[in-house]
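Below, chains carry the letters A, B, ... as their sequence lines are ordered, and counting in each starts from 1.
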Amino acid sequence: MFPDSKIPEGPLAEKWDKHKFNVKLVNPANKRKYDIIVVGTGLAGASAAASLAELGYNVKAFTYHDSPRRAHSIAAQGGINAAKNYQNDGDSVYRLFYDTIKGGDYRAREANVYRLAQVSVNIIDQCVAQGVPFAREYGGLLANRSFGGAQVSRTFYARGQTGQQLLLGAYSALSRQVAYGKVKLYTRTEMLDVVIVDGQARGIITRNLITGEIEQHAAHAVVLATGGYGNVFYLSTNAKYSNATAAWRAHKKGAYFANPCFTQIHPTCIPVSGDYQSKLTLMSESLRNDGRVWVPASKETAERLRKGEIRVSDIREEDRDYFLERKYPAFGNLVPRDVASRNAKMMCDEGRGVGSSGLAVFLDFADTIKRNGADWVSQKYGNLFDMYAKITGENPYEQPMRIYPAVHYTMGGLWVDYNLQTTVPGLYATGECNFSDHGANRLGASALMQGLADGYFVIPYTIGDYLAQTPPKPVTTEHPAFKQAEAEVRARVQQLMSINGTRTPDDFHKALGHIMWEYCGMARTAEGLQHAKAEIQKLRREFWSDLKLAGTEAEMNQALEKAGRVADFLELGELMVDDAYNRNESCGGHFREEYQTPEGEALRDDENFTYVAAWEYTGDNRASVLHKEDLHFENVKLTQRSYK
Amino acid sequence: MAGSNPNAKPMNLTLKVWRQKNRNAQGSIVDYQVKDISPDMSFLEMLDVLNEDLLRQGEEPVAFDHDCREGICGSCNLFINGRAHGPEPGTTTCQLHMRKFNDGDTITIEPWRANAFPVNKDLSVDRSAFDRIIQAGGYISVNTGGTPDANEIPIPKEIADRAFEAATCIACGACVASCKNASAMLFVSAKVSQLALLPQGHVERKSRVENMVAQMDKEGFGACTNIGSCAAECPVGISLENIAILNREFLAAKATSNNLA
Ligand code: SF4
Ligand code: FES
């Protein structure tokens with residue numbers, strides 16, 4: 001029997017309000033008797049920690065960064081969606097809900113998504129009150145733009161650094177609670193395991209990244225807000241430290257992992273320039289509002305261009321193929337991310353790619369510059385253009401940018417019910433580390449929305465329901481489960497330190513990344529996935545017998561940190577492959593070559609796959625068990641997405 | 001497979017790197033050679049090459065702070081050839097590319113130097129003093145929920161833009177590292193002016209500036225003597241105008257202090 005997803009009864013629009021009324025409340029005088037651990041201080045974690053502390057709970061917040069403000073949320077550029085309808089262009093909670101469900105290719109829960117759309121409006125109010133400097137119009141009111149294929153302007157933004165400004169808002173709220181003594185902040189502290197006492201999450205084991213000390217922390221509930229696992233691919237737009245360890249450890253302690261194969265490939269990234277490449281840089285897709293995507297119409301022209309025999313400016317207008325505009329006249333360059341990415345790959349597979357590697361397409365602003373002037377473009381995209389110039393050494397005002405898709409976001413994550421509780425009682429997951437709201441594909445400007453919705457407006461209510469049923473007795477680390485979990489963590493760290501082989505953590509990580517990108521990336525096949533599974537298992541065995549580290553575990557040791565994360569990626573990667581193999585359909589970010597329409601579009605199989613695939617861990621090197629949560633659509637009709 | 005510049009030649013470089021075992025240990029400069037560095041590499045990718053070499057030889061890699069590698073998280077913090085974030089103006093260390101250097105160059109790499117930023121190990125420093133300054137008052141005291149509609153308070157675009165400019169500080173600490181007094185004025189002023197410019201921040205403007213400045217002094221940052229090297233080296237262009245605003249706010253607060261605590 002699948003665990004109850006706890007979706008409230010009643011009409012869609014009333015579910016959340018009803019639920020808020022029905023959940024049990026913790027008596028205000030009792031709140032200070034409960035301790036809550038929040039792991040991660042990005043948007044989802046900092047907002048949760050601050051809001052829970054404001055309610056009166058004692059919060060311990062953990063981050064492996066030197067400051068909460070450095071979490072990867074900071075790198076989000078484009079914006080945050082909210083159904084404010086400030087532009088009077090027909091937006092509504094229902095439309096944002098509908099767009100999110102459709103964009104996710106009908107693989108998300110209606111009730112969760114509707115709630116997300118509902119609370120989106122509160123987020124903007126909250127952020128403005130905190131002093132987040134959103135872009136404004138001359139009249140002094142907030143500005144909006146349309147983003148990532150949306151046909152209404154509902155995206156709020158702060159130049160090209162919306163993530164940083166929102167995170168600083170949440171960080172300021174968190175800092176205020178630290179000053180009040182309601183949040184105890186642990187920086188440079190990495191969670192290495194969750195502690196389960198009598199079936200309930202009661203704490204975590206951490207490693208101090210400066211001293212190497214292993215420590216135990218107890219609480220009445222644990223919230224994981226530890227982000228996504230895109231770095232399984234080694235190269236991604238994620239920050240270098242972003243990792244899956246906290247979520248994966250929770251999975252191994254009983255939390256189901258849902259839809260791991262749903263990864264998002266972002267179409268507008270700066271292409272790889274060499275083997276030394278350590279990460280990929282995203283260019284906000286807002287660029288697709290004004291830039292036109294093209295490749296040379298013929299393979300021969302593309303080849304001459306790559307060889308440097310001709311220049312871009314030598315290619316006549318009629319010899320250029322604006323392939324998105326050609327194939328999708330209604331949406332043009334603004335088709336959803338997965339469609340844009342896959343088409344770029346197709347062009348390169350056809351031999352029409354540009355750049356010396358041939359793994360890039362052009363994003364061209366020449367027409368916009370001609371129409372509106374370079375100043376206008378610089379006003380809107382100046383920082384992105386500067387960034388591009390810095391990284392590539394090319395001037396995008398004078399020649400088109402080169403872009404290529406890169407792994408950007410993971411829709412899959414820990415399975416949670418409507419309350420954001422995992423299958424382990426007392427263990428919650430918020431933000432990118434859960435699977436809940438984006439289905440098989442996330443819309444642009446919706447990640448920030450979800451992180452803050454979960455942290456500011458959902459978890460503060462839903463965690464109370466659990467705590468109200470937990471006696472307000474102090475929790476300690478007395479229970480033997482703590483000692484045991486600590487011993488396991490120590491043993492693992494020591495094992496990593498003692499292998500004494502020849503290959504570095506990065507070496508293994510790169511090898512894993514190659515396998516994942518090749519076989520579990522933009523296009524997947526059953527055969528390729530089976531091959532990948534065997535390769536990953538082999539690589540994992542090599543890792544545990546040939547890893548090389550230096551120094552000791554009792555000090556700052558960045559290679560050791562990396563090794564622990566890579567070890568977990570090597571397990572998670574296999575589960576992603578299993579999940580992709582199981583899902584015999586194409587939907588959203590998951591494209592199985594066997595399942596496509598004659599025009600090459602993703603072909604869903606609603607009859608057999610309208611479910612959440614939630615995987616249960618059953619032991620090292622044992623097959624995970626698949627549980628299916630059927631998805632029910634009562635308010636929207638499932639249609640094949642068409643952006644023609 | 002070079003991207004932008006297929007003809008660029010790989011470089012060989014001598015690195016002089018600060019090595020320090022931990023906070024209490026003595027540190028020193030150690031020389032290393034790196035070979036075949038592509039001009040398209042970022043500076044940190046060049047250090048990755050060094051670290052992979054060291055680890056393969058069984059030596060401890062050089063510890064350094066970094067994360068986003070796209071100039072926004074503020075983690076990276078190297079003092080390169082005597083300049084915070086290296087030779088390219090308006091650029092964080094992670095966005096600095098090797099095409100700014102030449103084959104055969106010697107590059108000296110040190111951590112930020114300031115009493116308030118103790119070294120954790122090698123090039124990694126502890127900047128938690130910045131967090132404590134923000135905790136002292138770098139916020140607007142609103143709880144989650146119950147806030148007015150976002151469009152209830154119109155803010156002139158010009159003011160909003162100036163507040164945004166101040167808010168772009170990434171807390172890297174280059175201003176402190178570049179200042180001969182190791183003053184944190186630019187960092188503090190950026191937050192003070194962002195919140196002083198916005199109407200939402202007016203209610204607490206007096207206590208905020210007083211408390212943040214008091215914490216800054218307590219952390220052991222030096223005094224500001226208006227030299228301006230902070231703004232010259234700031235990777236995101238936080239302007240000295242913010243320090244003027246801070247001074248104004250501070251004097252006004254002192255004159256009419258409502259900080260009764
Ligand atoms: S003011 Fe500039 S140099 Fe100083 S911390 Fe902020 S971003 Fe860095
Ligand atoms: S690593 Fe994030 S700013 Fe340099």
Side-chain angles (χ1 to χ4, degrees), chain A residues 51 54 65-67 69-70 72 74-75 86 124-126 128-131 133 136-142 158-159 161 164-165 168 172-173 175-176 178-179 187 210 239-241 271 273-274 276 278-279 281 308 355-357 387 390 392-394 456 460 504 506 548 550-551 555-556 558-559, chain B residues 1-6 22 38 40-41 45 48-49 52 55-56 58-61 63 65-75 91 95 99 120-121 127-128 130-131 134-136 138-144 147-151 154-157 160 163-164 167 171 194-195 198 200-201:
Chain A
S51 305
E54 287 162 8
H65 287 102
D66 69 330
S67 163
R69 62 180 293 154
R70 312 238 191 258
H72 179 56
I74 205 158
Y86 281 163
I124 303 305
D125 299 343
Q126 187 63 34
V128 167
Q130 291 168 342
R136 289 180 182 267
E137 305 289 356
Y138 282 100
L141 301 184
L142 292 163
R159 202 140 335 145
Q161 51 170 268
Q164 150 141 292
Q165 295 310 324
L168 293 184
S172 72
S175 298
R176 176 171 162 247
V178 172
T187 57
I210 301 296
K240 290 294 284 176
Y241 292 162
S273 75
Y276 50 80
S278 61
K279 76 153 288 174
T281 300
S356 50
S357 67
M387 182 159 84
K390 255 176 210 161
T392 61
E394 293 172 2
Y456 284 136
T504 65
D506 261 354
K548 177 138 191 112
E555 62 182 328
M556 186 171 181
Q558 292 176 319
Chain B
M1 221 176 73
S4 47
N5 188 357
N22 56 47
S38 157
D40 283 328
M41 278 185 193
E45 284 168 346
D48 291 343
V49 170
E52 287 290 287
L55 192 51
R56 271 191 216 104
E59 277 183 58
E60 274 193 72
D65 293 320
H66 68 106
D67 194 24
C68 74
R69 297 202 174 189
E70 48 187 75
I72 192 74
C73 75
S75 295
T91 304
Q95 293 292 79
R99 63 182 78 91
N120 295 314
K121 179 172 187 167
R127 285 167 289 187
S128 51
F130 273 5
D131 282 335
I134 298 295
Q135 287 154 18
Y139 45 75
I140 291 169
S141 299
V142 288
N143 284 352
T144 302
T147 49
D149 184 87
N151 259 350
I155 302 174
K157 182 172 174 3
F164 171 83
Q194 177 203 341
L195 298 180
L198 294 171
Q200 304 94 300

(message) Given heavy-atom pairs under 4.5 angstrom as the criterion, report whether the side chain, backbone, both or neither of A:Ala559 touches chain B.
(response) side chain
(request) Among the options B:Asn143, B:Thr147, B:Ile140, B:Leu198, pick out the one with the most heavy-atom pairs lying under 4.5 Å from chain A. (result) B:Asn143
(request) Compare every heavy atom of A:Ile74 with every heavy atom of A:Arg70, then report the nearest pair and how far apart it is. (result) O-CG2, 4.3 Å
(message) As an exercise: rank A:His65, A:Gln558, A:Gln126 by heavy-atom pairs under 4.5 Å with chain B and give me the winner.
(response) A:Gln126
(message) Keeping A:Arg136 on the side-chain end and B:Pro154 on the backbone end, is there a donor-acceptor pair under 3.5 Å?
(response) no
(request) Find the distance between CD (B:Glu52) and NZ (A:Lys548) and round it off to the nearest 0.5 Å. (result) 12.5 Å
(message) A side-chain contact here means heavy atoms from C-beta on lying under 4.5 Å apart; do B:Asp48 and B:Met41 qualify?
(response) no
(request) Select, from A:Gln165, A:Glu137, A:Met387, the one with the greatest count of heavy-atom pairs under 4.5 Å involving chain B. (result) A:Gln165
(message) Quick check on the interface: out of B:Lys121, B:Gln194, B:Lys157, B:Arg56, who has the most heavy-atom pairs with chain A under 4.5 Å?
(response) B:Lys157
(request) Just give me the residue among B:Gly71, B:Ala171, B:Ala160 that pairs up with chain A most often, heavy atom to heavy atom, under 4.5 Å. (result) B:Ala171
(request) Identify which part of B:Gln200 has an atom lying under 4.5 Å from any heavy atom of chain A, answering side chain, backbone, both or neither. (result) side chain
(message) So for A:Leu168, is it side chain, backbone, both, or neither that comes closer than 4.5 Å to the heavy atoms of chain B?
(response) side chain
(request) For each of B:Ser128, B:Gly138, B:Gly58, tally heavy-atom pairs with chain A at distances under 4.5 Å, and name the one with the top tally. (result) B:Gly58
(request) Compute whether any side-chain donor of one residue and acceptor of the other, for A:Ser67 and B:Asp131, lie under 3.5 angstrom apart. (result) yes
(request) Mind listing the closest non-hydrogen atom pair of B:Tyr139 and A:Ala179 along with its distance? (result) OH-CB, 4.1 Å
(message) Counting heavy-atom pairs closer than 4.5 Å to chain A, which one of B:Leu195, B:Val142, B:Ile155 comes out on top?
(response) B:Ile155
(message) Donor-acceptor pair, distance only, cut-off 3.5 Å: does the side chain of B:Arg69 make one with the backbone of A:Thr281?
(response) no
(request) Can you tell which part of A:Leu142 gets under 4.5 Å to a heavy atom of chain B, answering side chain, backbone, both or neither? (result) both
(message) Among B:Gly201, B:Pro156, B:Ala163, B:Ala167, which residue has the highest count of heavy-atom pairs closer than 4.5 Å to chain A?
(response) B:Ala167
(request) Check for a donor-acceptor pair, side chain of A:Tyr86 on one end and backbone N or O of B:Asn151 on the other, with a separation under 3.5 Å. (result) yes
